[in-house]
Engineer: 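After the structure tokens below, expect a handful of questions from me.
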Amino acid sequence: MNPILLDVDTGIDDALAIMLAVQTRKDDIACITTVCGNVSLDQATENTCKILEFMQADQIPVYRGSESPLIRKSHYEHRVHGQDGLGGALKEFTAKKQADSGFAPDRIIETVMERPGEVTLIMTGPLTNLALALLKKPDLVKHVKEVIFMGGVVKGMGNVTPVAEYNTYADPEAARIVLQAGFPKLTQVGLDVTRQTLLTEAHIERLTIPAIKDYVAQSTAIYIKRYEEMNGVRACALHDPLAVGVALNPDLVTRNAYYVDVETASRLCDGQMVCDFQNRLGHEANVLVCEEVNQAAFLEQFIEALNKPIGAS
């Protein structure tokens, strides 16, 4: 299998994405990089180390990235992820694992160039680290196998503003740099599809490893409560895990190529991802937009992975 690199701002769903990756592709994870987003960089890094140690995957190196968006102030989502970013789960768990030395954007470049044409980047937080890597090495786009990023919404409502999804809202300038960079294969996994992959309490009941079941139940409690308040459905969307799911099984989604950009200078619409479905701008397509998802197949994949013995992959 080709190597993968995860870039995360580890809140509740990033943690679940890491767990899915570890349970299915642990030996292929070159490293994990962290970024400011849902929580501070320090908290995201601590959470990432906790999850890896909890999942007996503490051999995977972790590198700290940007402490803030490119030019904006940080916008944390404690109301969704809790003060610690994990919904209060693992609060008694103290990880011995620490981040490795090195700066995440540099490590992204090094990982890709060590195996050009082979590495898949899975980005589940604001795209700040990748944007910084591109500013340092613009031709990085020629050497990445694929970038899969969770972010944006092209047809539905936003989850921070009426039109903006969190990751693109938190650092729209970074998102725009990535979208305009010229990646041959850039896949967007947005709210349009992630909102269809809903984890319910019935799904959690199907988890068979007690430690994992308890963790998922505890960490998602605040997440489910918030989702029910906003959407009237007692569940939570598996936003970030779906990005990993697409890397594991591309057939889960239907992707179509469009020209996509991000609004960075609007009083009301900063962070909005704009998809030119009718090619009114006349630009060449730059993004593979996920428009449909086999939610049942993904949820089965997710549950099956988490039901494997910890450390078995």
Side-chain angles (χ1 to χ4, degrees), residues 6 8 10-26 38 47 50-52 54-57 77 79-82 84-91 93 122 124 148 150 153 156 159 165-166 189-254 290 292-313:
L6 277 70
V8 297
T10 303
I12 294 166
D13 55 335
D14 301 81
L16 296 176
I18 293 169
M19 292 167 70
L20 175 59
V22 165
Q23 290 289 87
T24 52
R25 294 277 300 274
K26 180 172 68 175
N38 290 319
N47 290 349
K50 272 189 175 185
I51 291 296
L52 288 176
F54 174 67
M55 296 301 294
Q56 298 179 22
E77 277 288 27
R79 60 181 180 166
V80 176
H81 298 272
D84 67 345
L86 298 179
L90 297 186
K91 61 184 177 182
F93 186 93
I122 305 173
T124 64
I148 301 172
M150 189 280 131
V153 57
N159 62 357
E165 176 275 334
Y166 173 78
V189 181
L191 297 183
D192 300 287
V193 286
T194 64
R195 280 176 170 150
Q196 298 178 51
T197 56
L198 297 180
L199 183 75
T200 66
E201 288 160 334
H203 291 124
I204 297 172
E205 281 301 311
R206 292 178 54 195
L207 298 176
T208 57
I209 308 298
I212 288 180
K213 182 177 181 178
D214 289 347
Y215 169 77
V216 174
Q218 291 177 36
S219 71
T220 59
I222 184 175
Y223 211 31
I224 289 173
K225 182 176 183 292
R226 177 68 179 172
Y227 198 87
E228 184 178 26
E229 290 171 352
M230 297 303 296
N231 301 287
V233 178
R234 189 161 182 78
C236 63
L238 293 175
H239 302 298
D240 296 340
L242 183 58
V244 173
V246 171
L248 298 174
N249 180 8
D251 293 335
L252 285 173
V253 292
T254 299
C290 294
E292 298 176 10
V293 60
N294 186 336
Q295 56 90 17
F298 170 66
L299 285 164
E300 287 303 311
Q301 179 189 65
F302 180 78
I303 293 169
E304 180 179 338
L306 266 59
N307 281 343
K308 292 172 60 178
I310 296 175
S313 65

Engineer: Distance check, rounded to the nearest 0.5 Å: Thr208 atom OG1 versus Lys213 atom NZ?
Structural biologist: 9.0 Å
Engineer: Nearest heavy-atom pair of Thr24 and Ala305: which atoms, and what distance?
Structural biologist: CG2-CB, 3.7 Å
Engineer: At what distance, to the nearest 0.5 angstrom, does CD1 of Ile148 lie from OG1 of Thr124?
Structural biologist: 11.5 Å
Engineer: Does a side-chain heavy-atom distance below 4.5 Å link Leu191 with Met150?
Structural biologist: yes
Engineer: What are the two closest non-hydrogen atoms of Val233 and Tyr227, and how far apart are they?
Structural biologist: O-CD2, 3.6 Å
Engineer: For atom CD of Glu228, decide whether the heavy atoms of other residues, nucleotides or ligands shown that lie under 6.0 angstrom number more than 12.
Structural biologist: yes
Engineer: Which pair of non-hydrogen atoms, one from Glu165 and one from Asn159, has the smallest distance, and what is that distance?
Structural biologist: CA-OD1, 3.2 Å
Engineer: Where do Ile51 and Asp14 land on the side-chain contact (heavy atoms from CB on, under 4.5 Å) test, with the steps shown first?
Structural biologist: CA-CA 10 Å; Ile51 291 296; Asp14 301 81; over 6 Å; no
Engineer: Does Asp240 have any side chain to side chain donor-acceptor pair (under 3.5 Å) partners at least two apart in sequence or in another chain, and if so, which?
Structural biologist: none
Engineer: Could you tell me the separation between the CG atom of Leu306 and the NZ atom of Lys308, rounded to the nearest 0.5 Å?
Structural biologist: 10.5 Å
Engineer: Could you tell me if the side chain of Lys225 sits less than 4.5 Å from the side chain of Glu229, heavy atoms only?
Structural biologist: yes
Engineer: Would you mind listing every side-chain hydrogen bond (donor to acceptor under 3.5 Å, both in side chains) that reaches into residues 293-302, with sequence neighbours excluded?
Structural biologist: Arg206-Glu300
Engineer: Rounded to the nearest 0.5 Å, how far does CG of Leu199 lie from OH of Tyr223?
Structural biologist: 10.5 Å
Engineer: Taking all non-hydrogen atoms of both residues into account, name the closest pair between Ile204 and Ala217 and its distance.
Structural biologist: CG2-CB, 4.0 Å
Engineer: Which is it for His203 and Leu299 under the side-chain contact (heavy atoms from CB on, under 4.5 Å) test, yes or no, and what are the steps along the way?
Structural biologist: CA-CA 8 Å; His203 291 124; Leu299 285 164; 3.7 Å; yes
Engineer: Could you give the distance from OG (Ser219) to CG (Asn47), rounded to the nearest 0.5 Å?
Structural biologist: 10.5 Å
Engineer: Can you check whether Thr200 reaches Arg234 side chain to side chain, under 4.5 Å on heavy atoms?
Structural biologist: no
Engineer: Parallel, tilted or perpendicular: which one describes the rings of Phe54 and Phe93, with boundaries at 30° and 60°?
Structural biologist: perpendicular
Engineer: Verify, without hydrogens or angle tests, whether Gln196 (side chain) and Asp192 (backbone) share a donor-acceptor contact under 3.5 angstrom.
Structural biologist: yes
Engineer: Tell me yes or no: between the side chains of His239 and Asp13, is some donor less than 3.5 Å from an acceptor?
Structural biologist: no
Engineer: Please name all residues satisfying side chain to side chain donor-acceptor pair (under 3.5 Å) with Asn231, sequence neighbours left out, ordered by chain then number.
Structural biologist: none
Engineer: Mark yes or no for whether Asp214, through its side chain, and Ala211, through its backbone, hold a donor-acceptor pair below 3.5 Å.
Structural biologist: no
Engineer: Flag the pair Leu238 / Leu20 as yes when at least one side-chain heavy-atom distance between them is below 4.5 Å, and no otherwise.
Structural biologist: no
Engineer: Could you grab the distance from atom OH of Tyr166 to atom CG of Asn38, nearest 0.5 Å is fine?
Structural biologist: 5.0 Å
Engineer: Specify the closest pair of heavy atoms between Val22 and Ala57, including all atoms of both residues, with the distance to one decimal.
Structural biologist: CG1-CB, 3.7 Å
Engineer: Give me the atom names and distance for the closest heavy-atom approach of Ala237 to Thr194.
Structural biologist: CB-O, 3.5 Å
Engineer: Which residue, Val253, Val246, Asp251, forms the side chain to side chain contact (heavy atoms under 4.5 Å, CB included) with Asn249?
Structural biologist: Asp251
Engineer: For Leu242 and Val193, what are the C-alpha separation, side-chain angles and deciding distance, and is it a side-chain contact (heavy atoms from CB on, under 4.5 Å)?
Structural biologist: CA-CA 9 Å; Leu242 183 58; Val193 286; 3.9 Å; yes
